[in-house]
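Computed from a predicted structure; not experimentally measured. Residue numbers start from 1 in every chain, and the chains themselves are labelled A, B, ... in the order their sequence lines are given, proteins ahead of strands. Keep in mind that the numbers below use all heavy atoms, side chains included, and drop hydrogens, waters and symmetry copies.
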Amino acid sequence: MWRKIWTLSLRTRGVQAEHPRLFTTTPGKPEKALPPRPKILETEIDESFLRGSGPGGQKINKTSSAVQIKHLPTGIVVKSQETRSRESNRKLARNLLAEKLDQIEKGEGSRMAIKGARATKKKASAGKKARRKYRKLEEEKGVKGRVEGVGSGGDGMSSAVSGDTGASYTGGGGGEVGPATGAG
Amino acid sequence: MPRLAPSLLRQARAIDVLLPPLLPACRDLRSAENELRWLKDHAIKTGRQCGLAHSDASLKRLVARRARGEPIQYILGTEYFGDLELKCQPGVLIPRQETAASVTHLAQQLSKKRKGRPSDLHILDLCSGSGCIPLLFHHEFYAQPGNEHCKLHMVGADISVQALELARRNQKSQIAAQSKRVTAQTTSLAAMRFLHADVLLSEAANAIHAPIGVVEALQQLTNTRPTPAYEVLISNPPYISSQAFRTTTARSVRNFEPKLALVPDNPSSAPSALDGDVFYPRLLALADQLRTEIILFEVADIDQAQRVATLLARQSTWRTVEIWRDEPGATSDEADHVLLDGGESVPVRGAGNGRSVFAYRGAAAAWLQ
Ligand SMILES: C[S@@+](CC[C@H](N)C(=O)[O-])C[C@H]1O[C@@H](n2cnc3c(N)ncnc32)[C@H](O)[C@@H]1O
């Protein structure tokens, strides 16, 4: 259905991969910054916009915001049609590619791995905190004491993760929608 | 339109019961999933403004509208045009991505050489609709380094009062997004004007009732005589022929977008495959009256581009004439020039379908070349 109709190899205006945002969820307890994403060189990628075939302009009004980039040195292809804005999709695709490359390069030490590990740890500690809070409340019924504000677990983290994985990977043009099982 | 495979419908239903009704309009599952997510976000956002309880029912209503083929931009109320998110409303054409690409490319071309370029540029956009062209041109022009001191004087004109109101609302929200510091950029945006005028009305007709002709409307605006000069004239006029409207225009466009914006209203007996060309000779006559040196006109396809280029070649004042494809800055292995009937060779730039005609003459040739 989608047909790649052009390729931008020489860009007149590059898009900078977004600077990694930090999601600190508990104020007062600063988290160590994630290692920066590797920089994507505009000269090393091939960017294409995907749109339907046939006439364009006034005759159709398709939202054609999908962006696909190919990393020339590795051949990795990443696609984003997550948002309605082509410009945001361009940034998302670059971030996604950066994460992928980082993962390949560093494995366990990559941003995604660190983020994943932190998210798991947070969940565990959120559970612990909740239990602690519960115990404290129980104690308070008898003893009057100071209750510390307890930060809410890894909410910020999960949104950061879903924001990053929203766009889809395509391993060189494979099907991007996993078949739903057990339909019918 | 090919029928949707039952397996695809089943697959969609397994993910979300609201997906199958979206499939005919979206065609593929991935797009349907994206659109459903955007509709959900919209239902939640609008639901928050009037009590959360209704967002479920309102989502169903939004899905039903989309399922009937209504463009998603009218349902969500906005469309992205380059970097800008602009308001959309039924009755006014939804801005197209290809238009954004040409306008962005034009802003870049006008910024390549600044030596000899006037410090004030007057830019007129005829058939301005939602106001997308001057608003994006302004944005892209000031995004280029070295343009911060150049003043843009921009005017849009349209026959539709509804379009003019929307354009002014879009201008207001762009103004609100600017920094409060007074610069050439903010002043130019605040000074942008949208006028009620009929492009096809020639001076001779001299209407008493609104809308008046373009030149007259401009004279009223600046209160000067002779007519002020507009170095740059941009237009995305209605360009679909009555024949192409019936055959190659998407049903959703035909059923939901204003025909006034798409097909020139032409009572004459021109053959119906060519009656989409009505605006171009008129635009060129205005370019002469307004002492225009640079033009960018959008067209339907490479054939119409060639017909417009032929009009320009006949005028013999234009130093350079080019045809731009959908993505004028891209490289492609498509033909890099076409031959006109008179034997002139016209360069074709970029990739995709033939999308616009660009030309310049006079003093502009010195700083554009
Ligand atoms: C194809 S739309 C372009 C709108 C906008 N510039 C864009 O690119 O999305 C054409 C516009 O021309 C306007 N129009 C139609 N006939 C006109 C006329 N005789 N004079 C001025 N404007 C006209 C319509 O109202 C519509 O807004």
Side-chain angles (χ1 to χ4, degrees), chain A residues 1-15 46-68 79-92 162-163 166-170 174-184, chain B residues 7 10-15 27-31 33-35 37-38 71-73 76 78-80 82-83 85 93-94 96-100 104-105 108 143 236 238-240 244-245 248-250 252-253 256-257 261-262 298-301 325-327 329-332 334 350-353 355:
Chain A
M1 179 75 36
W2 289 96
R3 191 166 67 97
K4 176 176 146 176
I5 65 158
W6 60 69
T7 292
L8 288 190
S9 44
L10 260 181
R11 292 223 46 82
T12 40
R13 186 178 56 150
V15 169
D46 204 10
E47 179 174 51
S48 54
F49 305 127
L50 303 160
R51 53 185 304 271
S53 49
Q58 292 168 15
K59 291 180 182 174
I60 59 161
N61 60 15
K62 199 165 178 69
T63 28
S64 49
S65 59
V67 172
Q68 179 172 295
K79 181 172 159 182
S80 172
Q81 52 174 318
E82 181 68 6
T83 75
R84 295 171 60 218
S85 152
R86 184 193 273 178
E87 291 307 308
S88 312
N89 287 341
R90 295 180 69 195
K91 286 182 191 137
L92 276 173
S162 70
S168 68
Y169 299 112
T170 48
E176 36 168 321
V177 183
T181 46
Chain B
S7 64
R10 246 181 290 130
Q11 195 185 338
R13 193 171 306 115
I15 301 169
R27 300 314 293 169
D28 64 278
L29 191 52
R30 187 63 212 241
S31 313
E33 285 186 278
N34 277 330
E35 292 204 4
R37 197 179 57 252
W38 300 329
I72 190 151
Q73 296 93 335
L76 300 177
T78 67
E79 170 67 322
Y80 282 87
D83 283 339
E85 187 180 10
L93 191 93
I94 299 161
R96 306 291 202 259
Q97 303 258 7
E98 295 91 335
T99 309
T104 300
H105 195 66
Q108 288 165 353
N236 176 16
Y239 56 59
I240 302 178
F245 188 70
T248 53
T249 304
S252 148
V253 174
F256 291 92
E257 295 196 82
L262 302 162
E298 187 168 314
V299 293
D301 50 32
R325 295 184 192 276
D326 288 327
E327 203 63 44
T331 51
S332 78
E334 289 155 300
N353 290 319
R355 185 53 59 217

Interface moiety of B:Ala261 toward chain A, non-hydrogen atoms closer than 4.5 Å:
backbone

Side chain of B:Tyr239, backbone of A:Gln58: donor and acceptor closer than 3.5 Å?
yes

When you measure from the side chain of B:Gln73 to the backbone N and O of A:Asn61, does any donor-acceptor pair fall under 3.5 Å?
yes

Please give me the minimum heavy-atom distance between B:Ser31 and A:Gln81, naming the atom from each residue.
OG-OE1, 4.5 Å

Does any heavy atom of chain B fall under 4.5 Å from the side chain of A:Ser88, the backbone, both, or neither of them?
neither

Minimum-distance pair of heavy atoms, taken over all atoms of B:Arg37 and A:Glu82
NH2-O, 2.5 Å

Toward chain A, the part of B:Thr248 with a non-hydrogen atom under 4.5 Å:
both

So, does A:Arg84 use its side chain to make a donor-acceptor pair with the main chain of B:Thr78 at under 3.5 Å?
yes

Which value, rounded to the nearest 0.5 Å, describes the distance between B:Glu98 atom CD and A:Lys59 atom NZ?
12.0 Å

Residue part contacting chain A, namely of B:Ile240, when any heavy atom lies under 4.5 Å:
both

Using heavy-atom distances under 4.5 Å, tell me whether B:Arg325 contacts chain A through its side chain, its backbone, both, or neither.
neither

Selection from B:Ile72, B:Asp301, B:Leu76, B:Thr99 maximising heavy-atom pairs under 4.5 Å formed with chain A
B:Leu76

